[in-house]
Amino acid sequence: MLVWLKIFLSTLVAIALALPLFYPSMSSGFIQEMQAVGMYGAIAIVIGFLVLVFFYCKDLQKILELVKPEHRAASPKSVWLMFLIPYNFVEDFFIVYHVSKSIEREVASGALLLHSKYYGLVSGLGWCSAQIFSIFPGVLGQLGGAVALVLWVLHWYFIRKVIRLLS
């Protein structure tokens, strides 16, 4: 059942991402931003962003590797599903939840002292949600993208903190 829900929601995301190709007046906030910087600027931004996502995924994988196997809510390699566009828009919620659940289990076992164990879940689900809004056209999409980036940085900061504590 969960697989079908992920497929259905990913299809909706794919349709939303494709709409500007068929109806240019419905360009998303992201597409408008990329048009504003030109082709070379857009290529540089996309490559730079993908490099950052790569390092973010490495950190998420590192946490799942550092957490005791019995506390893991997902395989460490599962974080790389973040690169499967448009599936990642949906799967990111599950990745963030599984990493947060793994951290929570590690804290509950006493193996990790962390006072703000839910901060990671809130900031993580926040950036995932805002990322969905970044698909929308106009100001809503632009605002969603900006909020998503800020929350993503906050979540990554939390992830780095947990890695330091687990190491």
Side-chain angles (χ1 to χ4, degrees), residues 1-18 28-30 33 45-109 111-136 140-141 143-167:
M1 178 64 175
L2 185 59
V3 171
W4 289 108
L5 177 64
K6 288 180 179 182
I7 290 170
F8 173 72
L9 293 174
S10 296
T11 301
L12 292 179
V13 169
I15 291 168
L17 289 170
S28 69
F30 171 75
E33 295 298 323
I45 289 170
V46 168
I47 290 171
F49 180 73
L50 291 175
V51 167
L52 289 174
V53 172
F54 172 81
F55 287 111
Y56 176 69
C57 285
K58 280 185 65 140
D59 284 346
L60 294 176
Q61 181 178 1
K62 181 81 170 167
I63 281 185
L64 290 174
E65 289 169 347
L66 290 171
V67 164
K68 293 178 182 149
E70 62 269 19
H71 297 154
R72 291 181 192 153
S75 161
K77 292 181 182 177
S78 67
V79 301
W80 296 100
L81 293 172
M82 220 171 256
F83 278 98
L84 294 179
I85 299 170
Y87 178 72
N88 71 312
F89 280 81
V90 175
E91 187 61 29
D92 289 352
F93 285 95
F94 293 94
I95 293 168
V96 165
Y97 174 77
H98 289 137
V99 169
S100 294
K101 195 64 166 169
S102 300
I103 293 168
E104 182 183 329
R105 289 175 183 169
E106 197 80 352
V107 169
S109 77
L112 174 64
L113 290 172
L114 187 66
H115 300 291
S116 58
K117 64 182 179 182
Y118 297 110
Y119 172 79
L121 183 62
V122 171
S123 62
L125 293 180
W127 79 253
C128 292
S129 300
Q131 175 181 247
I132 296 292
F133 282 98
S134 73
I135 299 170
F136 287 85
L140 182 60
L143 184 60
V147 169
L149 284 173
V150 169
L151 291 174
W152 181 51
V153 168
L154 291 174
H155 186 255
W156 200 354
Y157 175 80
F158 171 79
I159 294 301
R160 297 292 305 160
K161 177 182 176 183
V162 172
I163 289 172
R164 283 191 307 274
L165 292 171
L166 286 171
S167 295

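Numbering of residues begins at 1 and proceeds along the displayed sequence.
For Lys68, the salt bridge (charged side-chain N to carboxylate O under 4.0 Å, His left out) test picks out no residue, with sequence neighbours left out. Looking at residues two or more places apart in sequence or on another chain, you find a ring pair (Phe, Tyr, Trp, His ring centres under 6.0 Å) between Phe54 and Trp80. The side chain to side chain donor-acceptor pair (under 3.5 Å) check on Trp152 picks up nothing, with sequence neighbours excluded. Under the side chain to side chain donor-acceptor pair (under 3.5 Å) criterion, His98 pairs with no residue, sequence neighbours left out.
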Does the side-chain contact (heavy atoms from CB on, under 4.5 Å) test come out yes or no for Leu12 and Phe8, once each step is laid out?
CA-CA 6 Å; Leu12 292 179; Phe8 173 72; 3.6 Å; yes
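How far CZ of Phe158 is from NE2 of His155: 6.5 Å, rounded to the nearest 0.5 Å. For the atom pair Arg105 CZ and Arg72 CZ, the distance stands at 11.5 Å (nearest 0.5 Å).
By the neighbour-count criterion of 12 heavy atoms within 6.0 Å, atom OH of Tyr56 is densely surrounded, having more than that number from other residues, nucleotides or ligands.
When ring centroids are compared, Phe133 and Phe136 come within the 6.0 Å threshold.
Side-chain atoms of Ser10 never come within 3.5 Å of backbone atoms of Ile7 as a donor-acceptor pair (strictly under, hydrogens ignored).
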Under 3.5 Å donor-acceptor pairs involving side-chain atoms of residues 159-167, not counting sequence neighbours:
unit_1, atom_1, unit_2, atom_2, d
Arg160, NH1, Asp59, OD1, 2.9
Arg160, NH1, Asp59, OD2, 3.3
Ser167, OG, Ile163, O, 2.8

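Smallest separation of non-hydrogen atoms from Val96 and Cys128: CG2-SG, 3.8 Å. The two atoms that bring Val99 and Val79 nearest to each other are CG2-CG1, 4.5 Å, heavy atoms only. Considering all non-hydrogen atoms of both residues, His71 and Glu106 come closest at ND1-OE1, 2.5 Å. Annotation for Ala73 and Ser102: closest pair N-OG, 2.8 Å, computed over non-hydrogen atoms. Shortest non-hydrogen contact noted between Trp156 and Leu52 is CH2-O, 3.4 Å. Residue Ser78 comes nearest to Ser75 through the heavy atom pair OG-O, 2.6 Å, listed as atom of the first residue, atom of the second, then distance.
No side-chain heavy atom of Leu81 sits under 4.5 Å from any side-chain heavy atom of Phe94. Looking only at side-chain heavy atoms (C-beta outward), Phe83 and Cys57 come within less than 4.5 Å of each other. Leu149 places none of its side-chain heavy atoms less than 4.5 Å from the side chain of Val153. By the 4.5 Å heavy-atom criterion applied to side chains, Phe93 and Leu9 are not counted as neighbours.
Residue pairs satisfying the salt bridge (charged side-chain N to carboxylate O under 4.0 Å, His left out) criterion with at least one member in residues 75-103, sequence neighbours excluded, are listed as follows: Lys6-Glu91, Lys101-Glu104.
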